[in-house]
Amino acid sequence: MSKKVMVATVKPFAPVAVDGIRKIVEGAGYELQVLEKYPDQQAFVNAVSDVEALIIRSDKVTREVMDNAPKLKIVVRAGAGYDNVELEAASEKGIVVMNTPGQNSNAVAELVFGLMIYMARRAYTGKAGTELKGKTLGLQAYGNVGRNVARIAHGFGMSVLAYDPFVPADSIRADDVEPVDSVEALYDRCDYVSLHIPAIKPTIKSINFALMSRMKEGAMVVNTARKEVIDEDGLKEMLEKRPDFRYVSDIAPDCKDKLLATYPDRVFFTTKKMGAQTLEANVNAALAAANQILGFFERGNTTFQVNK
Ligand code: 3PG
């Protein structure tokens with residue numbers, strides 16, 4: 001019996017990306033099953049009983065999914081953030097979890113500018129807006145997405161600062177980006193702050209009123225990271241107390257209806273999470289995921305394992 005690899009994506013990849021996965025997986029003599037736009041989590045749980053490898057996006061690989069997949073050896077999150085996989089359960093069961101770092105970062109970075117310009121140009125209503133040139137952009141975290149945002153920001157003539165305690169200051173400086181040594185300093189000095197932090201215990205709800213209220217007049221926070229990092233009460237307070245402040249995101253907060261009704265010109269949310277939703281990013285991440293599965297089964301390669 002050949003190994004079964006499943007692509008489980010509520011938000012499907014572009015068809016050409018799935019074709020690419022198929023070529024790699026079937027070319028290696030494995031079987032591919034594609035489960036797209038499944039109606040609910042139970043449908044995912046029910047479908048995994050004989051799979052040995054999973055390729056997912058933001059799909060939730062819970063303990064229940066793993067309990068129902070006794071043959072599962074590897075989960076590859078085609079993308080960067082893996083907060084949707086229960087790592088502890090995976091490690092307990094000896095399941096390797098990987099991501100595909102960098103493969104979709106340019107797509108996310110380009111969306112950051114799409115969102116900033118949409119807001120700066122007053123939602124294309126024809127009202128006078130503002131320009132990005134000459135403004136200061138703060139990157140909260142300087143990983144793959146942050147680096148791409150910095151590269152593009154320079155083309156717009158923005159000054160770029162970054163706060164990332166895990167990246168050496170010299171390597172940030174090498175990109176013509178000024179490292180700052182506290183998150184407060186980032187918010188104090190920037191017109192725009194773009195979030196690129198993962199949703200982990202120390203970051204969840206960390207973007208709060210105390211932090212955002214430090215920003216200059218006319219400030220904007222751009223969130224293409226995770227909705228969980230925002231303290232929604234703090235966001236409401238900020239919008240209420242600071243009529244100059246704007247917030248834009250491709251991952252709408254739970255209180256989005258209230259915010260849209262109260263501050264229609266100062267908040268904007270895309271209908272779906274779409275930072276990584278480009279043909280190029282889909283192909284890059286999908287093919288990387290398929291190749292990593294092959295590398296793991298054929299050569300024991302665990303390079304991008306995140307649950308070591
Ligand atoms: C990521 O973590 O890679 C991005 O948030 C993209 O997520 P998606 O694959 O669900 O679009």
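Side chains are part of it too, since the values below use all heavy atoms of this structure and drop only hydrogens, waters and symmetry mates. We count ligands from 1, going down the list as the structure has it; atoms in each ligand are counted the same way.
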With heavy atoms under 4.0 Å as the rule, classify the contact between [X] and ligand 1 as side chain, backbone, both or neither.
{"X": "M274", "value": "neither"}
{"X": "Q277", "value": "neither"}
{"X": "N104", "value": "side chain"}

A80-ligand 1 polar pair, N/O distance under 3.5 Å | yes
Does any N or O atom in A276 lie less than 3.5 angstrom from one in ligand 1, N or O only?
-> no
When the ring planes of F113 and F156 are compared, do they come out parallel, tilted or perpendicular, using 30° and 60° as the limits?
-> parallel
Please confirm whether the backbone N or O of Q305 pairs with a side-chain atom of T302, one donor and one acceptor, at under 3.5 Å?
-> no
Under 3.5 Å, side chain of K23 to main-chain N/O of D19, donor-acceptor pair present?
-> no
Heavy-atom contacts with [X] under 4.0 Å: which atoms of ligand 1 show up? List them by number with element.
{"X": "R226", "result": "1 (C), 2 (O), 5 (O)"}
{"X": "G81", "result": "1 (C), 2 (O), 3 (O)"}
{"X": "G79", "result": "3 (O)"}

Identity and distance of the protein heavy atom lying nearest atom 10 (O) of ligand 1 | S58 OG, 2.4 Å
Report the nearest protein non-hydrogen atom to atom 11 (O) of ligand 1: residue, atom name, distance rounded to 0.1 Å.
-> K11 NZ, 2.7 Å
Assess whether side-chain hydrogen bond (donor to acceptor under 3.5 Å, both in side chains) is satisfied between N282 and Q277, documenting all intermediate values.
-> CA-CA 7 Å; N282 280 185; Q277 198 59 326; 3.2 Å; yes
Just checking, is any N or O donor in the side chain of Q140 or Y187 under 3.5 Å from an acceptor N or O on the other one?
-> yes
Closest contact, heavy atoms only, L279 versus A14 = CD1-CB, 3.6 Å
Beyond-backbone contact of Y247 with F268, side-chain heavy atoms, under 4.5 angstrom | no
